[in-house]
Engineer: 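Let me begin by handing over the structure; questions about it come next.
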Amino acid sequence: MSNLVIPAPKQITIPIKGSDQEFPVRRVYCIGRNYAAHTIEMGFDPDKEPPFFFQKNTDNIDTSGEFPYPPESNDVHYELELIVALKSGGSNISEENAYDHIYGFGIGFDMTRRDLQGVCKKMGRPWEIGKAFERSAPMGTITQISEAGNMEKGNIKLSVNGVTRQDGDLDMMIWKIPEQIAHLSKYYDISAGDLIMTGTPAGVGPIIKGDKLIGTIDNLETLEIVVI
Ligand code: MN
């Protein structure tokens with residue numbers, strides 16, 4: 001019997017390739033401007049920035065394959081990203097030990113209300129309204145690291161309605177996966193169930209209802225979503 005005054009919020013989970021089990025999510029960390037060409041297209045200098053992170057809400061994750069165009073925006077962008085799923089964590093994790101904490105990898109979209117984010121940036125306000133809205137984190141299936149490998153390199157590509165819009169390589173990340181884990185764990189107690197969205201290559205752009213987005217990363221399960 002529960003003594004909760006309202007029903008407990010649902011545990012958010014992500015499917016795992018080749019398994020009936022699911023990956024339960026605790027937090028969603030997202031790095032900003034982690035590919036040089038994307039940093040430049042957003043108007044910043046990739047050589048002058050330390051890494052920075054923001055978070056999405058765990059219940060922004062959506063594995064339905066549909067992305068409803070969100071309210072209060074006329075400029076919603078896709079950002080295709082490699083997702084790192086952690087099986088353990090801690091604080092002050094060294095880069096050398098970072099891979100010991102990885103369960104697997106997946107594909108996700110960091111959907112962004114770019115117009116609202118732009119207002120936040122201009123006014124020096126937090127970004128959540130542009131980044132952490134309902135169903136803003138479409139995700140696919142996690143592939144375990146034993147099958148996927150370390151994902152230090154590999155093609156990362158997004159097509160919209162069959163036209164390639166983003167096409168990069170994971171080795172173009174400015175801050176590599178171990179550096180991201182080490183950096184995050186300096187500031188947070190990272191933990192099993194945490195996800196890290198590792199940034200997007202150049203080519204971000206707007207979507208409209210009816211668009212079909214296909215994200216692929218070498219060694220991982222393709223993620224397809226339709227904008228409704
Ligand atoms: Mn992003």
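All ligand and atom numbering here is 1-based and tracks the order in the structure. Because the structure is a prediction, the values reported are computed rather than measured.
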Engineer: What protein atoms of element N, O or S are positioned under 2.8 Å from the Mn ion (ligand 1)?
Structural biologist: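 Less than 2.8 Å away from the Mn ion (ligand 1) sit Glu79 OE1, Glu81 OE2, Asp110 OD2.
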
Engineer: Could you tell me which residues satisfy salt bridge (Lys or Arg N to Asp or Glu O under 4.0 Å) with Arg125, sequence neighbours excluded, listed by chain and number?
Structural biologist: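 Arg125 satisfies salt bridge (Lys or Arg N to Asp or Glu O under 4.0 Å) with no residue once adjacent residues are dropped.
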
Engineer: Measure the acute angle between the ring planes of His183 and Phe53, then classify it against the limits of 30° and 60° as parallel, tilted or perpendicular.
Structural biologist: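 Correct class here is parallel.
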
Engineer: Determine, for Asp110 against Lys131, whether the closest basic-nitrogen to carboxylate-oxygen distance falls under 4.0 angstrom.
Structural biologist: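 Between Lys131 and Asp110 there is a salt bridge, with a charged N closer than 4.0 Å to a carboxylate O.
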
Engineer: Just to verify, what does Glu81 make a salt bridge (Lys or Arg N to Asp or Glu O under 4.0 Å) with, not counting sequence neighbours?
Structural biologist: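 If we apply the salt bridge (Lys or Arg N to Asp or Glu O under 4.0 Å) test to Glu81, skipping adjacent residues, there are no hits.
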
Engineer: Please name all residues satisfying salt bridge (Lys or Arg N to Asp or Glu O under 4.0 Å) with Lys212, sequence neighbours left out, ordered by chain then number.
Structural biologist: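 If we apply the salt bridge (Lys or Arg N to Asp or Glu O under 4.0 Å) test to Lys212, skipping adjacent residues, the hits are Glu224.
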
Engineer: Does Asp194 pair with Arg27 as a salt bridge, N-O distance under 4.0 Å?
Structural biologist: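 So Asp194 does not pair with Arg27 through a salt bridge.
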
